Amino acid sequence: GDFQPTTPRRQLDMRGTQLLRTSFEALPSQARLSTYATGVPKRTLMVNQDLANRLAEAYDWSYYKNGDILEMNPGFGLFTRAIWNVAKPRRHVLMEPHKKFIPIMEDFDAKTEGRIKYTSLEGYDWATYDKLIADGTITPENQSMERVNDSLLLFASMPNGATGEALAVQFLCTLPRRNWIQKYGRVRMLIWMKTKSADRLLVGPGGHTRARPTIIAQACADMRVIASPKDAHMGAFNYDEAAMKDVIETTPDDWRQRGDYTLVEFTPKEKPLFNSDFAEFDYVLRNLFILRATAMEKSLMMLGSGSDSLIKCMPSGLDLSKPVNAYTVEEFDQVTQAFSKWPFKPTELFEKGWTNDREKDPKGENGVVKNI
Amino acid sequence: MQRIAAARRRVLTTCSLSGKSVLLAGRLSVASSASVALRQTRLQSTTAASSFASSQQTIEIPKKTDDDFIIVRHKDMPGSSGRDNFTAKVRERSEAFSIYYACLATGNVERAKSILSRLHNVPPATAIKLHNQYLFTLVGECAKAQDLSLMTKWLDKMQKELDIVPNETTYAILCKGALGLTDKDMREMMLKNFAEMFLKNGGVLGDMIGQAGVYSVDDIKALIDMFGLSVANIKQGSRQVIADALAAAERQVSEDDVQNIAEVAPTKVSGPGMHLLKQSLAALIDPNYSASENEARIPFSMLESYERQKILEESALDAAVARWKHDHETTVNRGKLNPLKKSLNALLWEWHQALVPLIEDEVRRCKEAQKNTTAASGADVDRLAYGPCLLLLSPEQLSTITILELLRLQGTGGVAEGMRVARAVLSLGKQVESEAQADMLKEQADNGILVGDMKTIFSNEKAFALAKAKAKARAKGDMATPDTEWRPDWPHTLRARVGSVLISLLMHVAKVPNEADDSVTGEKLVEVTPAFYHAYQYSNGKKLGVIKMHPALMRHLGTDPMRGNVHPRLLPMVVPPRPWLSWNNGGYLRAKTRVMRTRDAPEQLLYLKKASDRGDLDLVFAGLDVLGRTAWAINRRVLDVAVTVWNTGEAIASIPATDTNFEYPSEPPPDCDPAIRAMYVRKCKEVAHANQNKHSLRCDVNYKLEIARAFVNEKMYFPHNIDFRGRAYPIPPHFNHLGNDLCRGLLVFHEGKELGEEGLRWLKIHMANVRGFDKASFSERAAYTMENLEHIFDSADKPLGGKRWWLEAEDPWQCLATCFELADALRSPNPEKYISRMPVHQDGTCNGLQHYAALGGDIVGAKQVNLEPSDSPQDVYTGVANLVAAEVERDAAAGNSNAQELVGKITRKVVKQTVMTNVYGVTWIGARDQIEGQLRDVGIPDDRAFVLAAYVTKIVFSAMKSMFSGAHMIQDWLSDAAKIIAKAHPIDADDDTNMTAVIWTTPLNLPVVQPYRKISRKQIKTNLQTVFISNPDAMNEVDVRKQRTAFPPNFIHSLDATHMLMSALATSEAGITFAAVHDSYWTHASDVDKMNVMLRDAFVRLHQDDIMGNLKREFEERYKGYKTQMSALADSAEGKAVLAQRASKSRTKSTEADVADVADVADVADVADVADVAEAASPTSAVEAMFAEEAAPKKNKSVKWWGDLVFRPLPAKGEWDVQNLKQSQYFFS
DNA sequence: TGCATCGTTAGAGATATAAGTAGTAGACATGCC
DNA sequence: TGGGTGTCTAATGACAATATCTCTAACGATGGA
């Protein structure tokens, strides 16, 4: 009720200040957030409060009324505000390692009676989660695999570029392994990522952007697009229509780094769609997708020496003349199972050999001693 | 310039104080001035036919006056205009040349003709070569048809349609054609006819007859008769060759004048005869050979040895196959046998048997594809592109090369059990190319064609210099590379095509038996599975095409004898290498070897060729010849021990154990924390890596022992070449004295010398050195050895059965060798009379810093690296460590907590690596990593090591700076200069890319060109996969950063290389045996004292000159007229001057510009006054403060302009006098 | 026969691939924005 | 034009990413004039 935004100074340019329903410190306009300073991390960083508000209203938070919301990289905190205003979650933890945002974070911490908690720990770091659990900042419960875990929800904005990509895949890999936060059961994840990345996870059999992460994601989670640029996914091949209902529209201007971003909801499946050992499944995918547009027949050669005998092991139902990227999750599973039984399969499934390593020369010729 | 000239002369004259080198130098200068004269007369006589000048590019050569260096202007660089259009068309065109030659060589004249007709815009110098080769090919055909019309018609076409002017070689070839006519009248008529045409064009008959690479001795005789000439009429460059050849043809060669023999009549060897020679090579080429214990070493004459080397090089591929066959037969004869136990060679034989027909098939299809050019399926189009190259060699040759090469490449490129496809494909293609080239040279020799390029000059040591000077004089003529011998290098794309075809064929047929358990039934399965397979690896997310070897095959490679599996071009020679006559002429007998290892940099090659042509490299060549003439032998007793160890499979002194691999860690549960899983994967990779290293080490030892075994009774020689900075390396890669401790332990000088009193002392010191006891004074070292005599005898008597004292040494195998030697010497009745063959090393103590200190005249530094006489050796590492330790203690006393943790922990070892790499320009961060590792070893906890390392590193750097202040300033100056140069643009450059490389000339006149440029690569489709390769001919933008950071170390290395070669030349004059590993010089124990004097003398001579001054003057001269972007603050004196100048210039030009410029200046002036008026607002909340404007810091405006290159003045040189070093006994020790 | 249009194809250029980022700090290039 | 941002960090011997998609230019065929 007694919210009083500070008087805007000339150089603060608060003309477009977005009105808020709660008394957090005022933020400058969208335009200003997009440009105001340097040293802001490159990541999925929202600057449009309105988008945040629309999302907060559209999403059903009630499932988590007794749970924790764990937000990674809140940045300007637009979402945090929006969710607060809409749902006032029981507990909302902000992992924001970047110093730039400290004032905003501390503002949240100060004005929500401890329901929004700020930590400078890095969401990227696995150890962070152990720490948060150990000190009781979040209290996830072990829950049955029959239902979606309601004690924890992860809400993450990914770093841009390679790091973000990698992180998303790593998160996905925790689903079949059931480690990290997934050891508590089916913990749902809402992840903001580049639309292209999301697209790659959603594309169906035959789509040429299919890749290893596609198969893992589709095998382990039900995906739903919550927000995305208009028409962004129209070009994608063989799309799952169900994933695309009631999509909230985003525009490039909503972001600090202009571009297309998509919010995807990952709801872990009760059981992955494959029965193979994940290490083998992963190996098979990784190697088959090297020749992703090539017929499976040929691509099987990537799995090891003497793959003629492997082809003989393949179940008769499989159409080996189809290209790799036309295979479904279930078909990959069949291939993996055959691979698993193949007597001449490689003994180690990880890449050997250096390429980037120091001290690669074992001979120590020439008397030059490196790294004594 | 004057001073440089003087400097060069001094080096030259002092190098040739007495004896042979005077002769050599004298001869050389005579020869070169003669050839200059020759060139001039020729130019006069050929003004009518302008294209007779044979230079390929139009490069302005500065007038040669002995003291200027080579400068090639930007616009004259090949490829400087059309760089980086590595498009399909360009690729096709560059391949076309090679295909053309291949077609001619394989009798596909029609296709060659059509290629030739489709090539446009060929530079005239190249065009005439192409056409000459075409005519040359027609000679045979015309002889068969007894009709020259094909040739004459073509000549007509050349002249009338294509506007190509025939040269001497053209007419020589025409006459050769005419000589093939049997009808006497016809023949003479045609000859007269051609001769007339030639004369009309201003030619001189003698020159034509002297044309290299065309005629045989009989041809020449016939021509001389025909034209009524005498040998004296033949042009100077060739006269000697021809005279010798004619003389040689007349009579049986006798041993006495071997030194004068050109390669003419290979069959006329007197003495033991060919079969004996072959037999004597049994250890190397006979499959049935098994080493008998004490085989008598037959003394061979030089000529016989030469024949042996030739046999070795020519028959080795066959020999490999013979050995495979032999091993296969023995396994078969041994009756039924487990296929899993087949020996490697037996497998190779099977592959070879299967591969040859496949290649034959492919060759047939290539031929068909050429016939019906219309039915162009994709594969057939490809076949057109590589087919002719496959035809150059027999299917057997191709198969053998393919198999050998794939085996050799195992483990390269960081691939665990295999190799990179790109490497394999290119490397194999290159092998095929050089084999084809060797074949061509052999064929020419077999046909008795005289090649100007002397194949060899073999002689006794005394006559060597004379013979070489003579040969050199010949090479100086135009006989360097005759047109008929010139071949363009195959483009990488072509190599890749050829390589990929062969590899994919091999992959089809090469099988290996393999065993596995059926995971379901548990029964043993045996399958015959491909030995190689094509796969991909990910490295850093990039796909990497690899050829993997099956584990079953890998097991063989680590254990089976490699007999017959080393390509002879990779072996030591059994005669002294051919002396270096020019940049590509020397070394092995049959293979074209280059004197410099270049990095696909056309610029390097260009400078090298020019220098070689001008005779600038004579001293470098002479130095390399000295290294090549050092004869080596295998240390039999060390070999015996090594072989025993190898066979027992024990892990001893750098020989890893058989079949004991490191264990993989156990896998954590699937639901473990991702961090733990990541750790596990990393550990697995480390283990895999370690195992791979072990295996490759084992394969390497296998190769080495195999070669050593084969050469047990041989006298060996290592041909040497240089890297681009002039450092010398032996060419045989697997086994040489630069190799690891094992290699060095296995090698002794072939010649023995009586120890003498001093020699015995040096042998003892050497003992201490290889033990690692090398920080003490000489007398202490000798005493150390005497104290350990008991151990030494024990090691010598019972190397493996005794106490194994030698294994504790720093260099165990060399220690063992020394134990043997010392024990023998001391036990002999008179140790001083003992004949020793052991090389004794004298190592520069931190050689890089020695050169730096000498350049900088650092007194403190000079002491530290033993440039200054001292009673005991100084150790820089200890010196720096002490300095750092003192500083740390000071800080600790002052209360610095970091320092307090480190008190007493700063040892020599902590700083050693950093001090060593300082010369290479290690950065602060790199050094910190090194020191961090060391601190951990010293017991600093992991979590502190990082912080403390940062602290220590700072101190180490400042200590180095103070200790070697002069050196440091020079380092800075060098890197600064490099940056300026790399960013400099020639005045005529058309765009603003940095194209200028740092180039300098060493005191031995070697031009050094730094090759670092940005590489542009393209994907090239091959049979296996696409391959990512660069166009080696492209001149790309320089990599400024690399040019800069690499220049200081490269410059210093070019100096130490010079020092080494100067020392080599000096020792050679004195008749001392010499070998070197960069900054470690070796000789007989008895000669160490003499060598020590010479190498010091050489160092003094080198550094007496104003090296840095010369460099600066060279740069100023070389880069005269280049512009670089300069900048200065606008309000600095310099900036103001520029602005003023600009203003005045434009004022004279136009008033408008004037206004603008004045405004500009005004602007600049204003800036200084613009104070930041915006007052800082004080925000009321932290969030609000976030978005407050940061006040822009006041900036100084700067001015930029393009100006002449200005090199900073050289840092002042310190007081230290280089002459002092002559008295320093530990300078090299 | 000359030529406009459409379809095809070769080739050049772009992009994804994998996937822990620790911890520092200083220099230097970037045809940036 | 300059500041912010991204890259790299020990010399040489000893060089190596690739499959696939997208877009464009060139080429060829065809057909109507």
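Model, not experiment: these values are computed from the prediction. Lettering follows sequence order; numbering is per chain, from 1. What you see below is based on every heavy atom in this structure, not just the backbone, and it leaves out hydrogens, waters and symmetry mates.
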Open item on the list: Taking dA33(D) as the reference, what is the distance to dC3(C) when you measure between their P atoms (whole Å, please)?
Closed with: 16 Å

Task: Where protein sits on nucleotides 21-26 of chain D, one letter per nucleotide: B base, S sugar-phosphate only, - none, heavy atoms under 4.0 Å - done: SS----

Task: Which residue lies more 5' along DNA chain C, comparing E122(A) with R210(A) via nearest heavy atoms - done: R210(A)

By nearest atom, which of the nucleotides [options] is closest to the [X] side chain?
| X | options | answer |
| --- | --- | --- |
| K979(B) | dA19(D), dG13(D), dA29(C) | dA29(C) |
| V1027(B) | dA25(C), dT18(D), dT20(D) | dT18(D) |
| F946(B) | dA18(C), dT21(C), dG23(C) | dG23(C) |
| A162(A) | dA19(C), dG20(C), dA14(D) | dA19(C) |
| D600(B) | dA19(C), dG20(C), dC15(D) | dC15(D) |
| P213(A) | dT12(D), dA18(C), dT5(D) | dA18(C) |

Task: side-chain N/O Q1025(B) vs dT18(D) OP1/OP2, d < 4.0 Å - done: yes

Open item on the list: OP1 or OP2 of dC15(D) versus the side-chain N and O atoms of R599(B): is any pair under 4.0 Å?
Closed with: yes

TODO: State whether E932(B) and R928(B) are salt-bridged, where the test is any N-O pair (Lys NZ or Arg NE/NH1/NH2 against Asp/Glu carboxylate O) under 4.0 Å.
DONE: no

Task: Dot-bracket line, read 5' to 3' along DNA chain C, where crossing pairs take [ ] and | marks a partner on another strand, Watson-Crick or G-U under 3.5 Å - done: |.|||||||||||||||.......|||||..||

Task: Base partner of dG13(D), which must satisfy Watson-Crick or wobble distances under 3.5 Å - done: none

Open item on the list: Please classify the nucleic acid contact of Y1012(B) as base, sugar-phosphate, or nothing, using heavy-atom distances under 4.0 Å.
Closed with: sugar-phosphate

Open item on the list: When you compare the ring of F1028(B) with the six-membered ring of dA16(D)'s base, are the centres less than 5.5 Å apart and the planes under 30° from each other?
Closed with: no

